[in-house]
Structure formats: structure tokens, C-alpha cells
Amino acid sequence: MANAIMVHNLDVQQLKEIINTTVKNQLSDVFEALKREKNETLLTREETYRLLKIDSTTLWYWIRDGKLKCYAIGNRRYYKKSEVLECLTLLKTA
């Protein structure tokens with residue numbers, strides 16, 4: 001009974017509206033996620049280490065250690081800009 005939902009004093013139209021609103025909200029979230037994924041900017045190695053202001057060797061170590069994901073098409077390597085920015089961590093200052 002803990003996972004059950006009990007509906008009282010709702011007519012059919014009110015229930016339809018609740019379901020419709022919930023489905024619209026969920027679909028909106030899915031579409032937003034798909035838009036973000038479609039509009040993802042891919043960076044080359046050079047663009048990535050220039051963006052992070054690091055050496056190419058450091059980029060290689062971060063990929064090897066799993067700190068950053070790398071995607072490939074043939075011999076070319078690409079990095080999702082959103083993932084590059086997500087790997088940055090906030091440091092606490094005293």
C-alpha cells in the first residue's frame with residue numbers, strides 16, 4: 001500500500017488534466033535534454049587544452065585517468081565542451 005496512489009473526489013476531466021500536465025512536463029524535459037545533446041559543441045585536442053590552459057600531456061593523463069571522456073572519429077579525437085566544463089571542480093577557499 002506504500003506505493004499506491006489513492007484518488008478521491010476527482011472527476012474524469014480533472015484526472016485527464018492532471019495526466020495531461022504531467023506528460024507534457026515530462027516530454028518537455030526530454031525534448032530539452034535532446035536539444036542540449038544535439039547542439040553539443042565538439043572540441044579538438046588543441047581547442048580543449050587551450051580552453052583549459054593545460055599542456056597536451058596533461059590532457060592525455062586526464063583521459064587516461066578517466067577525468068575526461070574522449071570521442072573518436074577515425075584517428076581524430078574530440079571532446080564535448082559541456083563535459084570538459086563539468087570536469088572542473090569548485091575549490092573551497094578558507
Side-chain angles (χ1 to χ4, degrees):
M1 226 31 209
N3 292 332
I5 298 174
M6 301 188 69
V7 180
H8 294 286
N9 299 328
L10 284 179
D11 63 12
V12 174
Q13 187 59 34
Q14 290 172 327
L15 183 59
K16 283 182 181 179
E17 288 175 13
I18 291 171
I19 292 171
N20 190 17
T21 303
T22 304
V23 169
K24 280 184 180 179
N25 290 340
Q26 292 296 319
L27 285 175
S28 175
D29 292 344
V30 169
F31 287 136
E32 285 300 316
L34 287 174
K35 283 181 188 176
R36 284 192 302 268
E37 193 66 30
K38 272 186 171 180
N39 294 329
E40 185 69 53
T41 302
L42 294 176
L43 303 173
T44 63
R45 286 183 209 173
E46 292 80 18
E47 291 170 331
T48 304
Y49 61 73
R50 272 192 248 128
L51 174 69
L52 295 172
K53 296 182 172 81
I54 59 172
D55 187 85
S56 60
T57 307
T58 304
L59 182 62
W60 182 84
Y61 280 117
W62 286 359
I63 294 163
R64 185 192 69 181
D65 295 341
K67 293 180 182 179
L68 192 59
K69 291 181 186 177
C70 178
Y71 300 90
I73 299 175
N75 290 334
R76 297 176 186 258
R77 301 291 180 254
Y78 297 98
Y79 309 87
K80 290 183 179 180
K81 187 173 183 177
S82 63
E83 291 179 359
V84 170
L85 296 175
E86 283 175 11
C87 79
L88 300 174
T89 58
L90 179 65
L91 297 177
K92 293 182 181 180
T93 57

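- Distance CG/L59 to CH2/W62: 8.0 Å, rounded to 0.5 Å.
- Atom CG of D11 sits about 10.0 Å away from atom NZ of K16, to the nearest 0.5 Å.
- T21 pairs in a side chain to side chain contact (heavy atoms under 4.5 Å, CB included) with only one of the listed residues (V23, I18, I19, N25), which is N25.
- Linking Ile, Leu, Val, Met, Phe, Trp and Tyr residues whenever their side-chain heavy atoms come within less than 4.5 Å leaves V84 and I73 in two separate clusters.
- Checking side-chain atoms of D55 against main-chain N and O of T57 turns up a donor-acceptor pair under 3.5 Å.
- Of all heavy-atom pairs between C70 and R77, the closest is SG-CD, 3.4 Å.
- For R64, the CZ atom sits in a packed shell: over 12 heavy atoms of surrounding residues, nucleotides or ligands are nearer than 6.0 Å.
- Hydrophobic clustering (side-chain heavy atoms under 4.5 Å, transitive across Ile, Leu, Val, Met, Phe, Trp, Tyr) groups L85 together with I54.
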Q. Could you walk me through whether T41 and K80 pass the side-chain contact (heavy atoms from CB on, under 4.5 Å) check?
A. CA-CA 6 Å; T41 302; K80 290 183 179 180; over 6 Å; no

Distance-only donor-acceptor hits, side chain of residues 45-52, under 3.5 Å, sequence neighbours excluded:
residue: E47; atom: OE1; partner: T44; partner atom: N; Å: 2.8
residue: E47; atom: OE1; partner: T44; partner atom: OG1; Å: 3.4
residue: T48; atom: OG1; partner: T44; partner atom: O; Å: 2.7

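- In terms of the side chain to side chain donor-acceptor pair (under 3.5 Å) criterion, residue partners of E83 (sequence neighbours excluded) are, by chain and number, Y71.
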